[in-house]
Amino acid sequence: MASIDIQGVRKSYGTVPVLHNVDLSIQDGEFVVLVGPSGCGKSTLLRMVAGLEGITSGAIRIGERVVNELAPKDRDIAMVFQSYALYPHMTVRDNMNYSLRLRRTPAERMAHVVSAAASKLGLDTFLDRKPRTLSGGQRQRVAMGRSIVRQPQAFLFDEPLSNLDARLREQMRVEIKKLHRDLGTTSIYVTHDQVEAMTLADRIVAMNGGVVQQVGTPLDLYERPTNLFVAGFIGSPAINIINAVLRHDGEQRLIALESGERIPAPPRVGGHDGQAVKVGIRPEDVQISAQAEGDFAGHVELVEPMGLGTIVHLGTAHHALKAFVVERVNYPVGTNIAYRLPASKLHIFDAKTGQRLPE
Amino acid sequence: MSTMPLYEEAAPRRPAPLRRLALGLEPYLYIAPSVILIATIMLVPLIVGLSYAFRDMQLINPFSGGFIGLEHFRALWTDAAFWLSMKNTLVWTFASVALQFAFGLVLALLLNSPFPGRGIVQALVFLPWAVPTFLSGLNWAWLFNPVVGPLPHWMAALGILPAPENILSDPSVAIWGPIIANVWWGIPFFAITLLAALQSIPQDIYEAASIDGAGAWRRFTDITLPFLAPTIAIAVLLRTVWIANFADLIIVMTNGGPADQTQIVSSYIFTQAFRRLDFGYASAIAMVLLVLLLAYSFVIILLRQSLLRR
Ligand SMILES: Nc1ncnc2c1ncn2[C@@H]1O[C@H](COP(=O)(O)OP(=O)(O)OP(=O)(O)O)[C@@H](O)[C@H]1O
Ligand SMILES: [Mg+2]
């Protein structure tokens, strides 16, 4: 096991920059998840750590070694591909022990390691089958098994679950988490599924357009997103964003919403009088009531029951708003609803830069 | 209510045996005309041709044509020129296929890796394939001719030949002239076929292997070759049969000479039939070649089946 240190890494294809100056330190044994929209450079960064892509500038260290010029085979890392990339002409057993055979591991030890990994992943009965006779989920396990038999310095995962159905994905997610708990190997996991990111990560790295937006624990990113992108990307249903202006009224800090309504600003928020801002509030923080107990009035436009709770889409004078409640409400469309936006739950971002206002 | 009358009606209608036979034959009768047509076109010439092997068929002798049984085959057994041509066929076929395959594979591997101008190079590489065989035969015959061609002089300068002579007129090495021409002409076939197969190998499998610790050589032996094996088997089979039968270059370049030293079985058949006009004897030789090639094809097809099943 080893730490992974990414310093000032850039990547361009020809003249097209894909990654801009990425800095990231991953502790020994940490599980780091890279998230971001499609095309933001997650896979590229991961493949650079693996040695499958060249590094335009900067340095990548695995343990103490700078690996920039090392071939993938000398980096002592294992990778799980989205397509699984199993060797179709080899049995499951041979797929799993291929790396050990290349290292001339003694046969007994190889058999022992492979059968241990197979029973951990529930693959015992498939060892003599070819990958094409397995289901997607089983192939996925073989790909994991191939990685763990090697006991590498680090695991790299590139959207390993995205070809599975929702149910299986959930199950494998838990297994990956358990596996990491048992093995404690440093892992980098790429996904654009934010539920995977939230549940698996020790730390999440949110990326957009080749730039790292925020690095932190899942709750850090959820509760204190550093900019509009992270606020919008993390969380489902997505955060509400409302245009507003900061007002300093003597000692009192207020936020004037575009509808003209004023609400108290969160304590300690910075910014200056007249500054254009965007106010974010998560749907579960919007408090609604059909008994007209609230600050503002709106009406129901749509109700989405989710089982776990209900998403209520509100129409108000100037903006749409989503509220998430755990009760099974079933308001008819058009019902008048009062709502409240609690000051302590507001996220205030500069309208121009999209950055969170300093506190 | 309605099932009862239906059943009663159906029972007496069970067809008589003759009618049942007619019903069973019906589909075959429909396809019979085309089957008979195809069989006639394909089989009749073959059978007539093979029947010559057992008859005395000489074009210059108007009284020939009688049935002579295995006479031709007995003559063949003691015909030294035939055995020489058998040996030459083996050398010709094996050397041509092996070299075409080896160079074709190397070329396919080179063309499969990206470099600037790859599109143009790919097009150029496939050019020999488009050259008519007679033209390429003549071309190579001239290249080997010290009066007009540069090759003998180059080979002499490199010390391969003691003096700039025409290898086509040296009985001990003459067979290599047509072989070289054949290799030049046949490389594109292997290159195209193998390149197509190479391009169908998923890239991420190579990436997985390189992460697993495989260097370039192990990736080649553990991934490229197993993926190519079925294609290689079928390409080698087709080319072997085809080249064993392929007399054009030899006829054009050496005409089987000097002293039958470059005669292969199929050029020997050609010589017997169209130079000596002995169609019966030529047919007998052709029949031997046919049997040998069928046996060979059968073995390779079995091999390919087992490769594909793995
Ligand atoms: N070989 C290449 N040549 C040129 N551009 C490339 C190449 N590979 C990737 N890119 C570009 O780099 C950017 C990042 O690609 P990357 O595969 O890292 O995205 P990603 O974040 O993994 O997206 P996804 O979630 O869809 O997998 C994309 O805009 C892509 O078009
Ligand atoms: Mg990707």
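From a predicted model like this one, the values you see are computed outputs, not experimental measurements. Lettering of chains follows the sequences in order, A, B, ..., and the numbering in each one begins at 1.
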(message) Check this for me: B/Ile120, atom CD1, are more than 12 non-hydrogen atoms of other residues, nucleotides or ligands nearer than 6.0 Å?
(response) no
(request) For each of A/Ala78, A/Pro152, A/Pro88, tally heavy-atom pairs with chain B at distances under 4.5 Å, and name the one with the top tally. (result) A/Pro88
(request) May I ask you to test the B/Glu207-A/Arg47 pair for a side-chain heavy-atom distance under 4.5 Å? (result) yes
(message) Taking side chain as everything from C-beta outward and backbone as N, CA, C, O, which of these in A/Arg75 sits under 4.5 Å from a heavy atom of chain B? Side chain, backbone, both or neither.
(response) neither
(request) Identify the heavy atoms of B/Ala208 and A/Ala85 that sit nearest to each other, and give their distance. (result) CB-O, 3.8 Å
(message) Which atoms of B/Phe227 are under 4.5 Å from chain A, going by heavy atoms: the side chain, the backbone, both sets, or neither?
(response) side chain
(message) Can you tell me which portion of A/Arg101 sits under 4.5 Å from chain B's heavy atoms? Options are side chain, backbone, both or neither.
(response) neither
(request) May I ask you to check whether over 12 heavy atoms, not counting those of B/Phe94, lie within 6.0 Å of atom CZ? (result) no
(message) Check this for me: B/Tyr30, atom OH, are more than 12 non-hydrogen atoms of other residues, nucleotides or ligands nearer than 6.0 Å?
(response) no
(request) Report yes if some heavy atom in the side chain of A/Arg150 is under 4.5 Å from a heavy atom in the side chain of B/Asp212; otherwise report no. (result) yes
(message) Counting only heavy atoms not in B/Phe115 (residues, nucleotides, ligands), do more than 12 fall under 6.0 Å from its CZ?
(response) yes
(request) Look up atom CZ in B/Arg218 and atom OH in A/Tyr98, then write down how far apart they are to the nearest 0.5 Å. (result) 5.5 Å
(request) Examine whether an atom of A/Leu86 lies under 4.5 Å from a heavy atom of chain B, and if so say whether it belongs to the side chain, the backbone or both; otherwise answer neither. (result) backbone
(message) So which atom in B/Ser210 and which in A/Leu52 form the shortest heavy-atom distance, rounded to 0.1 Å?
(response) OG-CD2, 3.9 Å
(message) With chain A as the partner, which of B/Asp222, B/Ile211, B/Ile205, B/Ile223 has the greatest number of non-hydrogen pairs under 4.5 Å?
(response) B/Ile211
(message) For the CZ atom on B/Phe103, are there more than 12 heavy atoms of other groups (residues, nucleotides or ligands in this structure) within a distance under 6.0 Å?
(response) no
